[in-house]
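Take a look at the structure set out below.
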Amino acid sequence: MKWVVFRSFVVVSAVTIALYSLLDGVVAIDRQTRPELALGIIGYDAPAQAQLASRMQLKPDTATDGATAMSLAKMALRREPGSATAARVIGFVKLADGDVRGALQALNYAHELTRRDLAAELWLVEYAVQRGDARKALNHMDAAASTNVEIRPTLFPIMASAIADPRLAPPMTDMLARKPQWLYEFLLRAAQGNLTPEGGFERSPSSTAQAKGALLLFEMLGKRGVPLQQQLIDALNIRFADQDPDLKRRTAALAPFVAPSVES
């Protein structure tokens, strides 16, 4: 009799485990695209709660969606403290409520959990810029560019324009000397500046200031042992064709830093 009971217990346990495994598999499939369905299956699923909260926060349909999103995000974060999505939702709901300090705390926590949350990183870039903290802004730009390839065409022109301010050269050199994976893609954009619709180099005082900033940046990177590409120097030579001869001399002096094998 005891053996029969034991076997029955084992069978029931196995069926229960299999059922939960099946449900968990279904939830894993649906939590990203249909989080409300996933929560209908397992109401306490933290990733689904965070995903639904994110959807409500990004595209609120009613005035109460912000409060509901906050509630879902808090529940998700209690169950899964490593949910960067939930932390980001809490941050942006707090920001909408005017609580900048609380938003900063939550979004910094999202950054600590992962550098892949683009919305969090871009807000942290903007916040650091507003406070004049170039190093923090560049740190979050690095996070955004390293984990989100699609943001680079938007982010790099902003960064390339910013180097017109020579005060940014030291912190940008420090960041680029670490050789992020997008290094040469950005350096080419910095060397070329803003292109005209025909694909030529723009000619304007602001463009010249940006080119001078790129030259200073390349000089500092070369001295830090970062190999440069010949096409970077070629681009600057064209842009400085009718400029001060000293700029041409400085550009020519970059030649020892060129490594022909460096590829973008």
Side-chain angles (χ1 to χ4, degrees), residues 115-116 118 121-122 125-126 128-129 134-264:
R115 290 158 36 108
R116 293 184 177 277
L118 182 58
E121 296 300 334
L122 292 181
V125 167
E126 182 181 358
V129 169
R135 292 188 182 277
K136 278 192 176 180
L138 290 170
N139 180 45
H140 293 298
M141 285 182 179
D142 176 27
S146 296
T147 60
N148 297 272
V149 175
E150 67 279 1
I151 198 62
R152 294 178 189 176
T154 301
L155 197 60
F156 286 173
I158 298 172
M159 294 172 62
S161 296
I163 61 176
D165 184 343
R167 293 174 298 180
L168 282 181
M172 189 169 286
T173 298
D174 289 341
M175 177 185 67
L176 297 177
R178 298 195 295 266
K179 299 180 181 179
Q181 60 183 8
W182 46 268
L183 171 64
Y184 293 103
E185 184 181 350
F186 168 69
L187 292 185
L188 181 59
R189 182 60 195 245
Q192 294 176 337
N194 294 322
L195 300 178
T196 65
E198 295 75 26
F201 295 115
E202 183 181 284
R203 301 287 185 179
S204 68
S206 62
S207 177
T208 299
Q210 188 276 330
K212 291 179 180 179
L215 174 57
L216 175 60
L217 179 65
F218 295 168
E219 289 173 331
M220 296 179 73
L221 286 172
K223 292 175 182 177
R224 292 281 292 271
V226 177
L228 303 177
Q229 299 167 307
Q230 183 60 45
Q231 61 181 327
L232 304 179
I233 297 177
D234 292 342
L236 286 183
N237 275 326
I238 295 174
R239 297 180 71 186
F240 291 145
D242 55 356
Q243 299 292 325
D244 185 338
D246 183 59
L247 295 175
K248 300 175 187 177
R249 179 192 60 76
R250 288 172 57 193
T251 301
L254 294 174
F257 303 135
V258 173
S261 60
V262 173
E263 298 179 357
S264 57

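Note that this is a predicted model, so its numbers are computed, not measured. FYI, the numbering just counts along the sequence from 1. We use all heavy atoms of the structure for the numbers below, so side chains are in, but hydrogens, waters and symmetry mates are not.
- Although no hydrogens or angles enter the test, the distance criterion places a donor-acceptor pair under 3.5 Å between the side chain of Gln210 and the main chain of Ala160.
- In this structure, Thr147 and Glu121 have side chains that are not in contact, with every pair of non-hydrogen atoms separated by 4.5 Å or more.
- Here the closest heavy-atom approach between residue Pro227 and residue Ala259 is recorded as CB-CB, 3.6 Å.
- Ser146 contributes atom OG, which lies 10.5 Å from atom CG of Leu183 (distance to the nearest 0.5 angstrom).
- No donor-acceptor pair closer than 3.5 Å links the side chain of Glu219 to the backbone N or O of Leu254.
- In this structure, Leu138 and Asp174 have side chains that are not in contact, with every pair of non-hydrogen atoms separated by 4.5 Å or more.
- The CD atom of Gln229 sits 7.0 Å away from the CG atom of Leu188 when rounded to the nearest 0.5 Å.
- Counting heavy atoms from C-beta on, the side chains of Val149 and Trp182 never come closer than 4.5 Å.
- Looking at Arg249, Lys248, Arg250 one by one, the single match for side chain to side chain donor-acceptor pair (under 3.5 Å) with Asp246 turns out to be Arg249.
- Atoms CE and NZ, from Met220 and Lys223 in turn, are 8.0 Å apart once rounded to the nearest 0.5 Å.
- Between Leu168 and Ala134, the closest heavy-atom pair is CD2-CB, 3.5 Å.
- Contact between Ile233 and Ala255 at its shortest, heavy atoms only, is CD1-N, 4.0 Å.
- Within the 3.5 Å criterion, the main-chain N or O of Ala191 finds a donor-acceptor partner in the side chain of Arg239.
- Using a 4.5 Å cut-off on side-chain heavy atoms (C-beta onward), Phe186 and Met141 make no contact.
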Just do the side-chain contact (heavy atoms from CB on, under 4.5 Å) check on Val226 and Tyr184 with the steps written out, would you?
CA-CA 10 Å; Val226 177; Tyr184 293 103; 4.1 Å; yes
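- When all heavy atoms are compared, the tightest approach of Leu155 to Ala144 is CD2-CB, 4.1 Å.
- In this structure, CG on Asn148 lies 10.5 Å from CZ on Arg115, to the nearest 0.5 angstrom.
- For the atom pair Asp142 CG and Met159 CE, the distance stands at 8.0 Å (nearest 0.5 Å).
- Across all non-hydrogen atoms, the minimal contact from Ala169 to Leu217 is O-CD1, 4.2 Å.
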For Lys212 and Thr208, what are the C-alpha separation, side-chain angles and deciding distance, and is it a side-chain contact (heavy atoms from CB on, under 4.5 Å)?
CA-CA 6 Å; Lys212 291 179 180 179; Thr208 299; 3.8 Å; yes
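- Between Leu236 and Leu215, the shortest heavy-atom distance links the atoms CD1-CA, 4.0 Å.
- Atoms CG and CD, on Asn237 and Gln243 in that order, are 12.0 Å from each other to the nearest 0.5 Å.
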